[in-house]
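Notes to accompany the following structure.
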Amino acid sequence: MVLSKMVTVSFESKVWELCRKIPKGKLTTYKEIGKALHTKAYRAVGQALKKNKNTHATPCHRVVNSNGSLGGYYGKLNSIRKINLLEKEGIKVEKGRIANFKEKLFSYPC
DNA sequence: CGCTTGACACCGT
DNA sequence: AACGGTGCCAAGC
């Protein structure tokens, strides 16, 4: 078996972990994740979620933009899918925007 | 005063 | 070197 491939834990791995930490019915932003990692790589965070192979286990749909917009999720065309999932979690979405977004926003502990 | 749009800046793959 | 599932700021309406 080929192992010892990533001596360095990929940045994405951390992102996924943080993503899983998001409590149900809550939301988080790319920036919050970046902040939790003590980095400004908001874009890299999005990249990580996009590369996420455990989408089935990682609630990447709970991650939205800091401005309250959903963002993309598997292509902006499928953003509706994200909305549906969020609504199921109890998050209200208005025309691609989170209702009471700030109230649902979840920040990572120190 | 509040919302929307555009441009530029950051980081990692 | 270029591209993102972004963020923040400024200007316009």
In whole Å, what is the span from the [atom1] atom of [X] to the [atom2] atom of [N]?
X       : N      : atom1 : atom2 : value
A:Lys31 : B:dC11 : NZ    : C1'   : 15 Å
A:Ile33 : B:dG12 : CD1   : C1'   : 14 Å
A:Phe11 : C:dT6  : CZ    : P     : 14 Å
A:Glu94 : B:dC3  : CD    : P     : 13 Å
A:Leu37 : B:dC11 : CG    : P     : 14 Å
A:Asn67 : B:dT5  : CG    : C1'   : 12 Å
A:Leu70 : C:dG7  : CG    : P     : 12 Å
A:Lys50 : C:dT6  : NZ    : C1'   : 13 Å

Query - Donor-acceptor pair (no angle test) under 3.5 Å: A:Arg43 side chain, C:dG4 base - result: yes
Query raised in the report: Does the C:dG5 base have a donor-acceptor partner in the side chain of A:Tyr30 within less than 3.5 Å?
Result: yes
**Report entry** A:Arg97 or A:Ala41, whichever maps to the more 5' nucleotide of DNA chain B
**Finding:** A:Arg97
If you compare every side-chain N and O of [X] against the phosphate oxygens of [N] (OP1, OP2), does one of them come in below 4.0 Å?
X       : N     : result
A:Asn65 : C:dG7 : yes
A:Thr29 : C:dT6 : no
A:Ser66 : C:dG7 : yes
A:Lys40 : C:dG7 : no

Requested in this report: Identify, between A:Tyr42 and A:Gln47, the residue whose nearest nucleotide on DNA chain C lies closer to the 5' end.
Outcome: A:Gln47
Do the side chain of [X] and the main chain of [Y] share a donor and acceptor less than 3.5 angstrom apart?
X       : Y       : answer
A:Ser13 : A:Val9  : no
A:Lys82 : A:Leu70 : yes
A:Trp16 : A:Cys60 : no

Query raised in the report: Where the side chain of A:Ala44 is concerned, which of C:dG7, B:dC11, C:dG5 is the nearest nucleotide?
Result: B:dC11
Requested in this report: Show the numbers, then the answer: is there a side-chain hydrogen bond (donor to acceptor under 3.5 Å, both in side chains) between A:Asn65 and A:Ser69?
Outcome: CA-CA 5 Å; A:Asn65 294 5; A:Ser69 52; 3.2 Å; yes
Requested in this report: Starting from Watson-Crick (N1-N3 plus N6-O4 or O6-N4) and G-U wobble pairs under 3.5 Å, report the runs of at least three that DNA chain C belongs to.
Outcome: B:2-6 with C:9-13, B:11-13 with C:2-4
Query raised in the report: Knowing that exactly one of A:Ile33, A:Asn52, A:Val63 qualifies, which makes a side-chain contact (heavy atoms from CB on, under 4.5 Å) with A:Val15?
Result: A:Ile33
Requested in this report: Go through the structure and list residues passing side-chain contact (heavy atoms from CB on, under 4.5 Å) with A:Lys24, not counting sequence neighbours.
Outcome: A:Arg62, A:Glu89
Query - Carboxylate-amine/guanidinium proximity below 4.0 Å for A:Glu17 and A:Lys14 - result: no
